[in-house]
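Computed from a prediction, not measured in an experiment: that's the story for all the values here.
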Amino acid sequence: MNNLKEILSDYLYFAIIFALFLVALVITLLVLNKKGSKKSIYLSGLFMNYSNVQILSLTFIIINFLLLVYTLIFKVDLTRSLVLVCLLLIMLSFILLKKAKIMLINSVINGVNIGVIYLANLVNLLRLESNDFTYLILQIVMNIFAILFYLFTTCKFIKNIRGKGEFL
């Protein structure tokens with residue numbers, strides 16, 4: 001029962017941060033989306049020619065990205081449920097698009113993303129055990145690398161949604 005409370009509280013915190021992200025996104029879009037503005041044309045063209053299934057797949061990938069970044073930044077313990085949710089989001093996004101080969105490759109890449117979180121948690125444990133400045137620098141470098149890597153893989157996933165079956 002205690003384990004269930006921990007899992008639910010982790011996802012509750014993520015839901016709160018995700019809601020704050022959505023509010024910030026809506027405010028940004030409202031500020032940028034003035035009628036007749038050149039920026040509003042660019043924003044409306046962002047999802048042009050996307051089907052509803054592609055937009056839903058894109059949503060799953062963005063949620064996966066935010067979940068990975070949240071887990072990395074707030075040092076949430078890596079649990080089986082978190083791993084399953086991350087893999088399920090990627091698999092579901094490409095199952096909806098009926099791209100089985102790309103789904104398998106992207107699931108492996110997402111597994112590497114989860115492995116980076118595991119390594120970052122290990123570096124965090126080392127930093128907490130020995131109060132050495134080197135581990136702090138290593139943790140900062142690891143977090144920056146991981147976020148940039150997540151951003152790169154998320155852009156790759158988005159390209160695979162739009163593309164006609166290419167892998168990279």
Side-chain angles (χ1 to χ4, degrees), residues 1-26 28 54-97 99-163 165-168:
M1 186 69 174
N2 194 20
N3 194 17
L4 181 64
K5 287 181 182 179
E6 290 176 13
I7 291 171
L8 290 177
S9 69
D10 288 343
Y11 289 114
L12 179 67
Y13 293 140
F14 172 69
I16 291 169
I17 296 219
F18 186 69
L20 291 173
F21 171 77
L22 288 179
V23 168
L25 183 67
V26 166
T28 304
Q54 286 176 321
I55 291 174
L56 185 62
S57 294
L58 184 65
T59 303
F60 288 147
I61 287 173
I62 291 171
I63 290 172
N64 181 51
F65 172 75
L66 291 174
L67 185 61
L68 289 173
V69 170
Y70 163 78
T71 305
L72 181 74
I73 291 175
F74 292 106
K75 302 297 177 210
V76 176
D77 290 334
L78 194 62
T79 60
R80 286 185 205 144
S81 68
L82 177 76
V83 172
L84 289 175
V85 167
C86 287
L87 289 175
L88 183 69
L89 286 170
I90 292 298
M91 292 173 90
L92 192 59
S93 68
F94 290 103
I95 286 173
L96 288 173
L97 296 172
K99 295 182 177 184
K101 264 191 215 177
I102 295 175
M103 177 196 66
L104 293 174
I105 292 170
N106 289 339
S107 295
V108 169
I109 291 171
N110 203 37
V112 171
N113 288 342
I114 293 168
V116 170
I117 290 175
Y118 180 73
L119 288 175
N121 283 343
L122 285 178
V123 169
N124 187 40
L125 286 175
L126 287 174
R127 185 183 65 84
L128 292 175
E129 287 176 4
S130 71
N131 203 4
D132 192 12
F133 187 69
T134 309
Y135 291 120
L136 178 66
I137 298 297
L138 182 62
Q139 183 181 15
I140 291 170
V141 168
M142 185 92 169
N143 286 348
I144 291 171
F145 168 76
I147 290 173
L148 291 175
F149 186 69
Y150 298 159
L151 191 61
F152 172 75
T153 57
T154 301
C155 289
K156 181 201 167 306
F157 295 158
I158 292 170
K159 183 180 177 188
N160 284 340
I161 286 176
R162 185 67 174 175
E166 63 267 359
F167 293 114
L168 296 174

- [ ] Check whether any side-chain heavy atom of Ile90 lies under 4.5 Å from a side-chain heavy atom of Phe94, and answer yes or no.
- [x] yes
- [ ] Could you tell me which non-hydrogen atom of Phe60 sits nearest to which non-hydrogen atom of Leu96, and how far apart they are?
- [x] CE1-CD1, 3.6 Å
Open item on the list: To the nearest 0.5 Å, what is the distance between CD1 on Ile161 and CD1 on Ile61?
Closed with: 3.5 Å
Open item on the list: I want to check something: taking the side chain as every heavy atom from C-beta on, are Asn110 and Thr153 in contact at a cut-off of under 4.5 Å?
Closed with: no
Task: Partner of Ile144 under side chain to side chain contact (heavy atoms under 4.5 Å, CB included), chosen from Ile147, Val141, Ile140 - done: Ile140
Open item on the list: When you compare the side chain of Ile109 with that of Phe152, does any pair of heavy atoms fall below 4.5 Å?
Closed with: no
TODO: Only one of Leu67, Ile63, Ile117 passes side chain to side chain contact (heavy atoms under 4.5 Å, CB included) with Cys86; say which it is.
DONE: Leu67
Task: Closest approach of Ala146 to Val116 (non-hydrogen atoms, all atoms of both residues) - done: CB-CG1, 3.4 Å
Open item on the list: Nearest 0.5 angstrom please: Phe65 CZ to Leu89 CG, how far?
Closed with: 14.0 Å
Open item on the list: Test side-chain contact (heavy atoms from CB on, under 4.5 Å) on Ile114 and Leu68; report intermediate values, then the result.
Closed with: CA-CA 8 Å; Ile114 293 168; Leu68 289 173; 4.2 Å; yes
Open item on the list: Applying the side chain to side chain contact (heavy atoms under 4.5 Å, CB included) criterion to Met103, which one of Asn160, Ile95, Val108 satisfies it?
Closed with: Ile95
Give every donor-acceptor pair under 3.5 Å between a side-chain atom in residues 17-26 and any protein atom, sequence neighbours left out.
none

Open item on the list: Using every non-hydrogen atom in the two residues, find where Ser107 and Met91 come nearest and quote the distance to one decimal.
Closed with: OG-CG, 3.2 Å
Open item on the list: Just verifying a value: how many Å separate Ile102 CD1 and Lys156 NZ, rounded to the nearest 0.5 Å?
Closed with: 7.0 Å
- [ ] Using atom types as modelled and distance alone, determine if a side-chain donor or acceptor of Asn106 lies under 3.5 Å from a backbone N or O of Phe157.
- [x] no
Task: Close side-chain approach of Thr134 and Leu138, heavy atoms under 4.5 Å - done: no
Open item on the list: Testing the basics here: between Ser57 and Leu97, what is the closest heavy-atom pair and its distance to 0.1 Å?
Closed with: OG-CG, 3.5 Å
Open item on the list: Once you measure the plane-to-plane angle for Phe145 and Phe149, does it fall in the parallel (<30°), tilted (30-60°) or perpendicular (>60°) bin?
Closed with: parallel
TODO: Supply the atom-to-atom distance Leu72 CG to Asn143 CG, rounded to the nearest 0.5 angstrom.
DONE: 4.5 Å
TODO: Work out which heavy atom in Leu136 is nearest to a heavy atom in Arg127; give both atom names and the distance.
DONE: CA-CD, 3.7 Å
- [ ] List the atom of Asn124, the atom of Gln139, and the distance in Å for their closest heavy-atom pair.
- [x] OD1-NE2, 3.2 Å
